[in-house]
Participant: 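What follows is a single structure, and I will ask about it in a moment.
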Amino acid sequence: MGTRAIEISVGAFVLSAILALAFLVIKVSGISLDTSSQVHTVIARFDDVSGLRERSKVTMAGVTIGRVADLEIDLEYGQAIVYMEIDGPPGSLTIDTGAQILTEGVLGARYISLLPGADIDFLQDGDFLMEGNTQGAFVLENLIGDLVTRLGGE
Amino acid sequence: MIALLDRLGVWALNYLSRLGRATSMWFTSVAHIPHGQDMHLVLNQLHHVGVRSVLIIVLSAFSIGAVIALQFHTQLSRFGAEDAVGLGLTLTLLRELGPVVTGLLFAGRAGSAITAEIGLMKTTEQLSSMEMMGVDPLYRIVAPRLWAGIISMPLLTIIFNVVGIFGGFIVAVQWLGSDPGGFWSGMQAGVELWNDIGKGLLKSLLFALVITWIAVFQGYDTEPTAEGVGLATTRTVVLSSVVVLAMDFFLTLIMYGDF
């Protein structure tokens with residue numbers, strides 16, 4: 001093979017590996033390179049966020065509208081603080097928006113479902129959802145435990 | 001008894017001296033970073049070691065991805081959790097099978113070729129004639145092969161991973177009828193850039209260092225006979241396969257172990 005053919009083949013090899021890496025980064029790990037699109041953050045407190053993790057989905061009516069940006073613990077109240085990145089500029093969610101943690105299928109991934117409110121004021125960037133409007137993850141083991149005690153009690 | 005101890009001692013000293021020679025060879029040749037006019041040596045080796053391994057990597061990756069997806073699908077569909085196939089397949093490939101299988105194939109395909117080539121050069125006294133001409137074989141022969149191997153392995157691993165995921169996608173979605181949305185979104189929710197993709201590539205880089213080191217040294221240190229070259233080639237494949245698998249266990253322990 002001539003030098004040029006070798007150069008071309010090595011070039012094609014490296015290029016295909018770079019494209020493959022781009023595919024892995026974008027399509028597989030789901031990192032968005034589109035930084036121009038605006039996001040805003042809303043924060044919610046939950047009693048229990050078991051199974052939720054960074055980059056879990058945030059949905060409304062089943063449509064993904066954002067993702068979990070960060071999870072923190074408030075040791076004073078023993079509550080989890082969840083930072084959610086919502087697509088689009090602030091002003092789309094009302095201040096009485098509710099949130100619950102749901103599971104896709106029985107064994108699937110945890111995600112946050114936002115429930116639309118009816119207030120006329122909107123959540124601004126960095127606002128907290130109202131206390132009492134959030135419902136934490138239901139833990140299957142606890143539920144089964146409850147069921148067993150109740151059935152046993154009768 | 002004394003004779004046995006004597007033989008054991010000789011054997012151990014021989015091994016230590018081999019390891020010593022291997023280490024000094026590695027450092028001397030890696031320090032020779034090819035530059036300028038000699039870049040074409042590396043380019044040539046990238047072609048031999050990297051480009052020519054692509055076909056075997058692609059074929060193996062496709063089959064492995066397909067078979068993992070098939071296994072995951074059969075088991076997970078009993079729980080109605082087909083959506084986890086994409087995630088399971090991807091994590092298996094990125095974290096373990098991608099680097100390890102690429103390493104094994106690379107040792108068999110490229111490592112053996114490097115050993116045989118250098119071994120034959122030594123047997124036919126090409127290496128000593130180079131030295132006579134004042135050309136350093138470590139720089140001219142060994143360094144380009146080391147560098148080409150170190151560069152190609154991670155690239156081959158990336159290609160392996162993507163083709164494997166594609167093979168799994170074909171089986172799980174196109175053939176068995178999983179939901180493509182679940183396949184990709186489950187994957188995206190679970191795969192992390194550094195923890196899964198980055199650490200997998202780091203593994204493959206470390207495997208590359210070891211495999212090329214073994215391959216080059218076995219060739220360079222071969223007994224200059226036809227039999228010696230054959231033996232060295234076998235040793236390259238066996239030794240690098242065992243070392244890759246053992247290293248993988250410890251790397252996984254360090255990278256993902258919770259302790």
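When reading the values below, keep in mind they use all heavy atoms of this one structure, side chains included, and skip hydrogens, waters and symmetry mates. Order of the sequence lines sets the chain letters (A, B, ...), proteins ahead of strands, with each chain counted from 1.
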Participant: Using a 6.0 Å cut-off, check whether atom CG of A:D47 has over 12 heavy atoms from anything other than its own residue.
Facilitator: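 Check fails, neighbour count at 12 or below.
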
Participant: Measure B:L76 against the heavy atoms of chain A and call it side chain, backbone, both or neither at under 4.5 Å.
Facilitator: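 Neither part; nothing is under 4.5 Å.
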
Participant: Based on non-hydrogen pairs under 4.5 Å, which of A:F23, A:Y111, A:F13 is most in contact with chain B?
Facilitator: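 Option with the top pair count is A:F13.
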
Participant: Rounded to the nearest 0.5 Å, what's the gap from CD1 on A:I6 to CD on B:Q45? Could you check?
Facilitator: 9.5 Å

Participant: Could you tell me which of A:L21, A:V28, A:V14, A:L19 has the largest number of non-hydrogen atom pairs under 4.5 Å with chain B?
Facilitator: A:V28

Participant: Only heavy atoms, only distances under 4.5 angstrom. Which residues in residues 142-163 of chain B are near chain A?
Facilitator: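 Heavy-atom contacts from residues 142-163 of chain B to chain A are B:S152, B:L155, B:L156, B:I158, B:I159, B:N161, B:V162.
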
Participant: Flag the pair B:Q188 / A:R67 as yes when at least one side-chain heavy-atom distance between them is below 4.5 Å, and no otherwise.
Facilitator: no

Participant: Just wondering, more than 12 heavy atoms not from B:Y139 lying within 6.0 Å of its OH?
Facilitator: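 Atom OH in B:Y139 is packed in, count exceeds 12.
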
Participant: For a quick test of reading the model, state the closest non-hydrogen atom pair linking A:V10 to B:H47 and the distance between them.
Facilitator: CG2-N, 3.7 Å

Participant: May I ask you to check whether over 12 heavy atoms, not counting those of B:R140, lie within 6.0 Å of atom CZ?
Facilitator: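 No - once you tally the heavy atoms of other residues, nucleotides and ligands closer than 6.0 Å, there are 12 at most.
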
Participant: With a cut-off of 6.0 Å (strictly less than), are more than 12 heavy atoms of other residues, nucleotides or ligands near CD1 of A:I120?
Facilitator: no

Participant: Can you tell me which residue among B:D196, B:L94, B:T90 is in a side-chain contact (heavy atoms from CB on, under 4.5 Å) with A:L24?
Facilitator: B:L94

Participant: For chain A, which of B:L87, B:I197, B:L46, B:L201 has the most heavy-atom pairs under 4.5 Å?
Facilitator: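 With the most close heavy-atom pairs to chain A, the winner is B:I197.
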
Participant: Measure distances from B:V51 to the heavy atoms of chain A and classify the residue's part below 4.5 Å as side chain, backbone, both or neither.
Facilitator: both

